[in-house]
Peer 1: 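Structure in structure tokens, see below.
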Amino acid sequence: MNSLDWLHYYQQNKTNRPEPKWGLPSPLDAKMQRALSRSLSHFQLGETGEGKFLIAQARAQLPDDTAYHQALELFVVEEGEHARLLQRLVHRFGGRTIRHHWTHTLFRFVRRALGFKFEIQLLVTAELVGTAYYRLLQTRTRDPVLDEACTLILKDEAQHVDFHADWFGDFQSRLLPLEREIWSAQFQLLFTAAAIVAWIDHGYCLKITGANRAEFFREARRECIRFLKQLSQRAARELNSLMAEITSADC
Ligand SMILES: [Fe+2]
Ligand SMILES: [Fe+2]
């Protein structure tokens with residue numbers, strides 16, 4: 001993984017960001033606005049946080065990779081920017097942000113209980129499920145401001161998935177094929193659980209927009225498959241460069 005490249009990416013990405021045109025009126029009816037404000041407030045809470053635990057864990061696990069620590073800090077800042085956009089959307093649709101929700105409490109408890117690697121895994125599952133959610137909102141609603149905010153968030157989330165795939169690609173290149181299969185199986189189980197929890201929480205809102213369960217899961221599964229493919233490509237690349245190093249050292 002090239003942590004410096006990621007650090008530069010995050011430094012660049014925080015400049016010249018377009019701002020949605022918040023003043024535009026919403027064409028959505030009151031029922032849909034209410035459902036959206038409730039659902040978006042839960043995602044807003046999920047995107048909030050200083051990431052202190054995550055960054056402390058990264059420093060402890062990878063003490064020499066300071067560029068990765070800094071990139072991770074900027075990644076957390078970017079999630080905070082999503083929280084800001086979502087907060088404005090919640091207000092736009094007449095709702096209020098929240099400070100507690102069972103999904104958030106569950107997410108925080110699980111991710112802190114099982115260490116750094118697991119925390120990153122859980123973050124990836126949230127990114128994949130979130131991507132499916134934002135994409136469906138964007139396709140199914142006709143609110144110009146929601147559309148602009150979703151475009152901004154989706155663009156960042158695609159890079160976040162890439163960032164984590166890079167990190168996991170490094171880790172996977174050191175695993176035996178069987179270990180890799182086991183890791184992939186547990187990741188897919190975790191992803192499925194996260195998607196089910198997300199549907200329980202946001203299904204009502206998505207149904208009001210016209211989306212259905214099958215569509216949500218199809219979209220989320222597509223994201224998961226894409227991530228796993230990225231991961232195996234990166235692991236293969238890492239493995240090839242490792243083999244090349246070994247071969248040149250033997251010569
Ligand atoms: Fe985000
Ligand atoms: Fe993200």
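Everything quoted here is computed from the prediction, not taken from an experiment. Both counts, for ligands and for their atoms, begin at 1 and track the order of listing.
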Peer 1: Ignoring hydrogens and geometry beyond distance, is a side-chain donor-acceptor pair present between Q121 and H164 at under 3.5 Å?
Peer 2: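 No donor-acceptor contact under 3.5 Å links the two side chains.
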Peer 1: For the metal site, I want the angle between atom OE2 of E79 and atom ND1 of H160 with the Fe ion (ligand 2) at the apex, to 10°.
Peer 2: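 Reported to 10°, the angle equals 100°.
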Peer 1: In E47, what N, O or S atom is nearest to the Fe ion (ligand 1), if we give its atom name?
Peer 2: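 Relative to the Fe ion (ligand 1), the closest nitrogen, oxygen or sulfur of E47 carries the name OE1.
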Peer 1: Between the side chains of Q159 and N13, is a donor N or O closer than 3.5 angstrom to an acceptor N or O?
Peer 2: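 Side chains of Q159 and N13: no pair found under 3.5 Å.
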Peer 1: Determine, using ring centers only, whether Y68 and F163 are less than 6.0 Å apart.
Peer 2: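 Judged by ring-centre distance (under 6.0 Å), F163 and Y68 do meet the cut-off.
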Peer 1: Please name the atom of E157, limited to N, O or S, that comes nearest to the Fe ion (ligand 2).
Peer 2: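 In E157, the N, O or S atom with the shortest distance to the Fe ion (ligand 2) is OE1.
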Peer 1: Give the name of the N/O/S atom in H82 that lies closest to the Fe ion (ligand 1).
Peer 2: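 Minimum-distance N/O/S atom of H82 relative to the Fe ion (ligand 1) is ND1.
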Peer 1: How are the rings of F227 and F168 set to each other: parallel, tilted or perpendicular (split at 30° and 60°)?
Peer 2: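 Plane angle over 60°, so perpendicular.
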Peer 1: For the Fe ion (ligand 2), give me the closest N/O/S atom belonging to E127, just the atom name.
Peer 2: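 Atom name of the closest N, O or S in E127: OE1.
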Peer 1: Closer than 2.8 Å to the Fe ion (ligand 1), do we get an N, O or S atom from E78, backbone or side chain?
Peer 2: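 No.
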Peer 1: Using the six-membered ring of F216, assess whether NZ or CZ of R218 lies under 6.0 Å from its centre and within 45 degrees of the ring axis.
Peer 2: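 The answer is no; the distance or angle limit is not met.
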